[in-house]
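So the structure is just underneath, and the comments pick up after that.
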Number of protein chains: 2
Amino acid sequence: MVKENPPVKIPRIGQSVQGSQTGQPIMVLFDLIGRRWSMGILWNLSSQNRTFRDLQTRCGSASPTVLNTRLKELRAVGLVEKTDTGYGLTGSGRELFEVLEPLGDWAMEWAKDL
Amino acid sequence: MVKENPPVKIPRIGQSVQGSQTGQPIMVLFDLIGRRWSMGILWNLSSQNRTFRDLQTRCGSASPTVLNTRLKELRAVGLVEKTDTGYGLTGSGRELFEVLEPLGDWAMEWAKDL
DNA sequence: CTCGTTGCTACATAAATAGTAGCGGTGCGT
DNA sequence: ACGCACCGCTACTATTTATGTAGCAACGAG
């Protein structure tokens, strides 16, 4: 059985960008997915659903504390969901991943020159 | 005149991903640009070169401490450079931005439903 | 029942970031 | 020469966030 999500407070979301007019949504997104392990989580969930501990080892042994925090946040904004087979991407989560995907190829090229 | 970059140590880069086989370069990249304000900096430098203080206000008044740290890091990996007209993207920096750019449009759509 | 695994929480420590103040440099008007 | 306003940035402390380890309750298999 899958537990339902009680309200989750995401610290300082949206507040960090008060001053800037330029592209507010993107800055909010950056603030969200620019936290430690956020993108790694999305990336690792893209191919298949994963259990908590599976995710943990795949994310360079991120501490369970952060991992759980990130998962709560990502679920709060509807990018990740809890399923019977572990955590997985939602519809918009998958959308976001598709936008993010080309980064993989670029990173491969980029890694060649330090 | 533009000062040259002395060697910069980027904390824990690459080390956080020891355990994961899957796509190491992308995880290194995530670890780098997934730090606070990194992507915001790249984003704000994409349209034009900017001064330190200009960047600072555009990044939700990020503290000069972090901002300078991020700039050092991004320069160390050759994504950002110091020019006569302030900070700007290098060739690969611009490449990365182009990969990152679609996020802007997606974020606009995404922002509509919380 | 035991054994192993899973999803977490608790807690203390370490690291990253915020938030302010202020220094030296540069240019500009007087 | 002077003040004045900006600039890039460093120093320092306070707060937030992440790490690292231990461990608990729940489950399934044997």
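Just so it is clear: chains get the letters A, B, ... in the order the sequence lines come, proteins before strands, and each one is counted from 1.
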* Rounded to whole angstroms, how far apart are CG on Asp54(B) and P on dC9(D)? -> 13 Å

* To the nearest 10 degrees, what angle separates the axes at the start and end of the helix from dC1(C)-dG30(D) to dT30(C)-dA1(D), five pairs each? -> 20°

* Starting at atom CD of Gln56(B), determine the distance to atom C1' of dT17(C), rounded to an integer number of angstrom. => 13 Å

* Asked: What distance separates Ile13(B) CD1 from Asp31(B) CG, expressed to the nearest 0.5 Å?
  -> 4.5 Å

* Structure fact -> The reported gap from NZ in Lys82(B) to CZ in Phe52(B) (rounded to nearest 0.5 angstrom) is 9.5 Å

* To do: Starting at atom CZ of Arg53(A), determine the distance to atom P of dG23(D), rounded to an integer number of angstrom.
  => 14 Å

* Structure fact -> Glu73(B) CD to dA15(C) P, in whole Å, measures 16 Å

* To do: Would you mind reading off the distance between Lys72(B) atom NZ and dG8(D) atom P, rounded to a whole angstrom?
  => 15 Å

* Backbone of Gly40(B) reached by a side-chain donor or acceptor of Asn44(B) within 3.5 Å -> yes

Distances under 3.5 Å only, N/O to N/O: pair up the protein atoms with those of nucleotides 11-17 of chain D.
unit_1: dT17(D); atom_1: OP1; unit_2: Arg12(A); atom_2: NH1; d: 3.3

* To do: Report yes if a side-chain nitrogen or oxygen of Asn68(A) is closer than 4.0 Å to either non-bridging phosphate oxygen (OP1 or OP2) of dT9(C); otherwise report no.
  => yes

* **Option passing side-chain contact (heavy atoms from CB on, under 4.5 Å) with Trp110(B) (candidates Leu96(A), Val99(A), Leu29(A))** => Leu29(A)

* Asked: Just how far is it from atom CD1 of Ile10(B) to atom CZ of Arg70(B), taken to the nearest 0.5 Å?
  -> 9.5 Å

* Asked: Does Lys82(B) put a side-chain nitrogen or oxygen below 4.0 Å from OP1 or OP2 of dC9(D)?
  -> yes

* Arg50(B) CZ to dC6(D) P: how many Å, rounded? -> 18 Å

* **side-chain N/O Ser61(B) vs dG19(C) OP1/OP2, d < 4.0 Å** => no

* Rounding to a whole Å, what distance do you find between Leu55(B):CG and dC6(D):P? -> 18 Å

* Looking for any heavy atom pair under 4.0 Å, which part of the strands does Ser63(B) touch: base, sugar-phosphate only, or nothing? -> base

* CG of Leu67(A) to CD1 of Ile41(A): how many Å apart, nearest 0.5 Å? -> 5.0 Å

* Would you say dA18(C) has OP1 or OP2 under 4.0 Å from some side-chain N or O of Trp37(B)? -> yes

* Asked: Thr90(B) side chain to Glu81(B) main-chain N or O, any donor-acceptor pair under 3.5 Å?
  -> no

* Hey, what do you get for CG (Leu103(B)) to CG (Leu100(A)), rounding to the nearest 0.5 Å? -> 5.5 Å

* Asked: At what distance, to the nearest 0.5 angstrom, does OG1 of Thr69(B) lie from CG of Leu74(B)?
  -> 10.5 Å

* Rounded distance (Å) that lies between atom P of dG19(C) and atom CG of Leu67(B) -> 14 Å

